[in-house]
Number of protein chains: 2
Amino acid sequence: MKEGPDIAHIAALIGDPARANMLTALMSGKALTVSELAEEAGVTIQTASSHLSKLDAGGLLRPRKQGRHKYFALASDEVAHVLEGLMGLAAGSGYLRKRTGPRDAELRQARVCYNHLAGDMGTQMFDSMIAQGHLTLDGEELVLTETGTAFVADFEIDIDGLLRARAPVCRECLDWSERRSHLAGSLGRAFLSRFEELSWAKRDQKTRVIAFSQNGAKAFNALFPAS
Amino acid sequence: MKEGPDIAHIAALIGDPARANMLTALMSGKALTVSELAEEAGVTIQTASSHLSKLDAGGLLRPRKQGRHKYFALASDEVAHVLEGLMGLAAGSGYLRKRTGPRDAELRQARVCYNHLAGDMGTQMFDSMIAQGHLTLDGEELVLTETGTAFVADFEIDIDGLLRARAPVCRECLDWSERRSHLAGSLGRAFLSRFEELSWAKRDQKTRVIAFSQNGAKAFNALFPAS
DNA sequence: TTCATGGTTCGATCTTAATCGAAGCATTTG
DNA sequence: CAAATGCTTCGATTAAGATCGAACCATGAA
C-alpha cells in the first residue's frame with residue numbers, strides 16, 4: 001500500500017511558512033541570496049540557511065556559489081509549476097510581490113562584468129543562445145553545442161584558439177541586476193571584444209556602461225532575438 | 001506579509017504522512033469512507049477524522065454523507081493535478097517510499113489518476129490523439145478538434161452530454177512517472193469507463209493499477225498507435 | 001596581515017500539532 | 001425500545017522541528 005513517491009516529504013518542505021515565503025519569492029525567476037531570502041521569510045540568517053539546505057536536499061532549489069555569496073533559484077519549471085498549482089488551490093487571486101526597484105537604467109541594460117557583457121542584454125544573449133540550441137546546460141556545466149560552435153565561428157570568433165587555451169570557454173555568471181545567468185568565460189569575453197571590433201558597442205571606461213550604437217543594437221537583436 | 005493565497009497552509013496539509021497517504025489513496029478517484037482512509041493511512045479512526053476535517057476545511061476534499069457513512073473524494077481535478085505534480089517532484093529527487101518492485105512496473109504502465117488513465121499508456125493515448133489531430137494545444141488550453149469530436153462519438157462516448165455539462169472536458173495532467181502529459185477532464189474519465197465497459201481493462205480495487213486484457217491492449221494500440 | 005561580511009554549524013529552548021483513550025452523537029437494525 | 005455501527009469531540013501526552021544566540025568558517029577588502 002505504500003508504493004509511489006514520497007509526496008508528504010516534499011509537501012512538508014513547502015508547508016513551512018518560512019520556506020513557502022522563500023519559494024514564493026523565487027517564483028520571480030531570479031536567484032536570491034541567503035540573506036535576501038531570510039529577509040523575505042522574516043527569519044534570521046541561521047534559520048534561513050537551515051531551511052535552504054533542506055529545500056536543496058529535497059531537490060527544489062538550484063544553488064550557485066559566486067564569490068562569498070550563495071544564490072538560490074528554483075530547480076526547474078516543474079517546481080514552479082507545482083507552486084503555481086498550490087497557489088491556485090489556495091484560492092489565489094492576485095498575488096504580488098515587490099520586485100527589485102529599477103536602478104541606473106544604463107547600467108541595467110548593458111555593462112561590463114569581467115570583460116564580458118552583463119545586464120539586460122547579457123541575459124538576453126544567454127537566453128537566446130540557449131533557446132537556439134547553441135548552448136546547453138549539462139547538469140552544472142554549460143557546454144557549447146555543435147551548432148553553437150558553428151554559430152560562433154560564423155561570427156568570426158577564433159573558437160579553435162579558445163578551445164586550445166586552458167581557460168574555461170563557457171561559464172555562467174549570475175547578473176546582479178537581473179539575477180539571471182549570462183555568458184562568461186573566454187567565449188563571453190570574445191563576444192564582447194568582437195562587438196567592439198564591429199563597432200556595435202563601445203565601453204565607457206569609468207562607469208562600466210556599454211553603449212550600443214543604433215545599428216549595433218539592431219544587429220544584436222537580430223542575432224540574439226528575445227523570446 | 002500575509003497577502004495572497006496561503007500556499008504554506010495548503011502544502012502543510014498535504015505534508016503530513018497520514019494525510020498524504022489518504023490523498024494518494026483518493027487519487028484512484030473512488031470515494032472512500034473515514035474508516036477505509038484510516039486503514040489506508042495506518043492511524044486510528046479518531047485521528048483520521050481529525051485529518052479529514054482539516055483537509056476538508058482546506059478545500060481539498062469533497063465529502064458526502066450517505067446514511068451513517070461519510071464518503072470523501074478529492075475536491076477537483078486541480079487537486080489531483082497538484083498531487084501528481086508533487087509526485088513528479090518527489091520521484092525526480094529520488095524520494096521513493098519503496099524501491100521499484102514488480103508492482104511499480106505495473107503502476108508505470110497503466111494506472112488510475114483521479115478516474116482517468118495515467119502511466120505509459122495514458123501518455124501514449126494522449127500523444128497519439130495529438131498526432132492524429134484529435135486534440136490540439138491552443139496556447140495553454142487543450143481543445144478537442146472537429147475530427148476529435150467525431151472520433152470520440154465513434155467510440156460511443158456521449159460527447160454531447162460531456163459538452164453540456166459545466167465541467168472541463170479536456171485537461172492536461174502531468175504524469176509523475178512519464179513526466180509527460182496525459183488526458184484528464186471529463187473526457188479522460190469517459191475514456192477510462194468506456195475501456196472498462198468494453199472489458200478492455202479492469203482496475204485493481206486496492207492499488208491504482210489498471211490491467212489491460214490481451215485483446216484490450218491490442219485494440220487500444222490499434223486505436224492509439226504509438227508514433 | 002587584519003578586518004569585515006556572508007554563510008554555516010551547534011546547542012538549547014519552545015511551539016506546534018499528531019496521536020490515541022474515552023466519552024458523546026447520529027443513524028440503522030433487530 | 002435497545003444494541004450496534006460509523007463517526008466526532010475532548011483532553012492529555014508526546015514527538016518533531018522551527019527558531020535563535022553564539023561560535024566558527026570562507027571569501028574579499030584594506
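No experiment lies behind these values; they were computed from the predicted model shown.
For B/Ser213, there are no side-chain hydrogen bond (donor to acceptor under 3.5 Å, both in side chains) partners at least two apart in sequence or on another chain. With sequence neighbours excluded, the residues that form a salt bridge (Lys or Arg N to Asp or Glu O under 4.0 Å) with B/Arg194 are B/Glu156, B/Glu197. Among residues two or more places apart in sequence or in another chain, the salt bridge (Lys or Arg N to Asp or Glu O under 4.0 Å) test is passed with A/Asp127 by A/Arg180.
Along DNA chain C, the nucleotide closest to A/Thr47 and the one closest to A/Arg68 are compared, and the more 5′ of them pairs with A/Arg68. Of the residues near DNA chain D, B/Val34 and A/His51, the one whose nearest nucleotide (by heavy atom distance) lies more toward the 5' end is B/Val34. For A/Gln46 and B/Glu36, each mapped to the nucleotide of DNA chain D holding its nearest heavy atom, the one lying further toward the 5' end belongs to B/Glu36.
Under the 30°/60° scheme for interplanar angles, the aromatic rings of B/His81 and A/His81 are found to stand perpendicular. Using the six-membered ring where Trp is involved, A/Phe191 and A/Phe151 have ring planes that are tilted, between 30° and 60° apart.
Ion pairing between a basic and an acidic side chain is recognised when a charged N comes within 4.0 Å of a carboxylate O; A/Glu196 and A/Lys202 show no such pairing.
Here the side chains of A/Ser76 and A/Val79 are in contact, with some heavy-atom distance below 4.5 Å.
Close approach of DNA chain C to chain A, defined as any atom under 4.0 Å from a non-hydrogen atom of the protein, starts and stops at C/dA4 to C/dT9. In summary, contact between chain B and DNA chain D, defined as any nucleotide atom under 4.0 Å from a heavy atom of the protein, begins and ends at D/dA4 to D/dT9 in the 5' to 3' direction.
No hydrogens or angles considered: nothing links the side chains of B/His116 and B/Arg189 as a donor-acceptor pair under 3.5 Å. In summary, the side chains of B/Thr44 and B/Thr47 do present a donor paired with an acceptor at a separation below 3.5 Å, with no hydrogens or angles considered.
Here A/Trp200 and A/Phe224 keep their ring centres 6.0 angstrom or further from each other.
Residue B/Lys54 is in sugar-phosphate contact alone, with no base atom involved, counting any heavy-atom pair closer than 4.0 Å across all strands shown. In this structure, A/Ser35 reaches the sugar-phosphate backbone alone: every heavy-atom distance under 4.0 Å involves primed, P, OP1 or OP2 atoms, never a base. Residue B/Ser53 is out of contact with every strand shown, counting any heavy-atom pair closer than 4.0 Å.
The stretch residues 11-19 of chain A touches DNA chain D through A/Asp16, A/Ala18, A/Arg19, each having a heavy atom under 4.0 angstrom from the strand.
Around atom NE2 of B/His9, no more than 12 heavy atoms belonging to other residues, nucleotides or ligands sit under 6.0 Å away.
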